[in-house]
Amino acid sequence: MQLSDERASAILHVINRIPFGRLSTYGTIAAAAGFPGNARLVGKVLKRLPEDSTLPWFRVINAQGKISFPETSPNYHRQITALTSENHPFKLGKKHLANKMWP
DNA sequence: CTCCTGACTCCAC
DNA sequence: TGTGGAGCCAGGA
């Protein structure tokens with residue numbers, strides 16, 4: 001049971017079905033996976049994600065509409081790049097952001 | 001069992 | 001608009 005078995009897969013499954021061009025937050029995903037209040041758990045699952053994973057982890061942002069990495073982190077730039085190339089320019093206004101949200 | 005940490009969130013200032 | 005602090009829950013030491 002490396003990482004709370006069911007929970008991890010449930011969370012991964014939810015993330016995996018975030019449609020192209022959409023974004024979601026940790027809290028939303030946690031709730032959608034059946035674990036409301038466990039936003040941090042989502043982060044934990046993603047953290048242990050292999051680099052070669054095809055999971056759209058980059059579509060996951062925090063509730064403030066921002067990336068949960070410090071700008072100094074390489075991961076921050078990876079996510080920016082992925083979002084920019086697969087979704088759209090990453091300069092979302094609040095309203096625009098709401099539109100991109102999933103569910 | 002307790003204490004600390006974290007890819008989080010909310011609500012006051 | 002920004003900060004700070006409390007709340008939260010699973011894991012590891």
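Labels below follow one simple rule: chain letters A, B, ... track the order of the sequence lines, proteins then strands, and each chain is numbered from 1.
Counting to the nearest Å, the P atom of dA10(C) and the CD1 atom of I11(A) are 11 Å from each other. Computed from coordinates, the N62(A) CG to dG2(C) P distance equals 14 Å when rounded to whole Å. The distance from atom CZ of F35(A) to atom C1' of dG11(C) is 15 Å, rounded to the nearest whole Å. Look at CG on L41(A): it is 12 Å from P on dC9(C), rounded to the nearest Å. For the pair N38(A) CG and dA10(C) C1', the computed distance is 7 Å after rounding to whole Å.
Nucleotide dG6(B) is matched to dC9(C) when pairs are restricted to Watson-Crick or G-U wobble geometry with both distances under 3.5 angstrom.
Nucleic acid contact for T25(A): sugar-phosphate only, since backbone atoms but no base atoms lie under 4.0 Å from a heavy atom of the residue.
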Derivation and outcome, side chain to side chain contact (heavy atoms under 4.5 Å, CB included), residues V14(A) and F35(A): CA-CA 12 Å; V14(A) 170; F35(A) 317 106; over 6 Å; no
Determine, stepwise, if the pair L41(A) / I11(A) fulfils side chain to side chain contact (heavy atoms under 4.5 Å, CB included). CA-CA 9 Å; L41(A) 183 59; I11(A) 290 172; 3.9 Å; yes
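Residue L23(A) holds its CG atom at 11.0 Å from CG of N62(A), rounded to the nearest 0.5 Å. Put simply, OG1 on T25(A) and CH2 on W102(A) are 11.0 Å apart, with the number rounded to the nearest 0.5 Å. How far NE2 of H13(A) is from CD1 of I15(A): 11.5 Å, rounded to the nearest 0.5 Å.
A nucleotide of DNA chain B counts as in contact with chain A when one of its atoms lies under 4.0 Å from a heavy atom; the first and last such, 5' to 3', are dG6(B) to dC10(B).
Checked options L46(A), I61(A), V45(A); the residue passing with Y26(A) is L46(A) (criterion: side-chain contact (heavy atoms from CB on, under 4.5 Å)).
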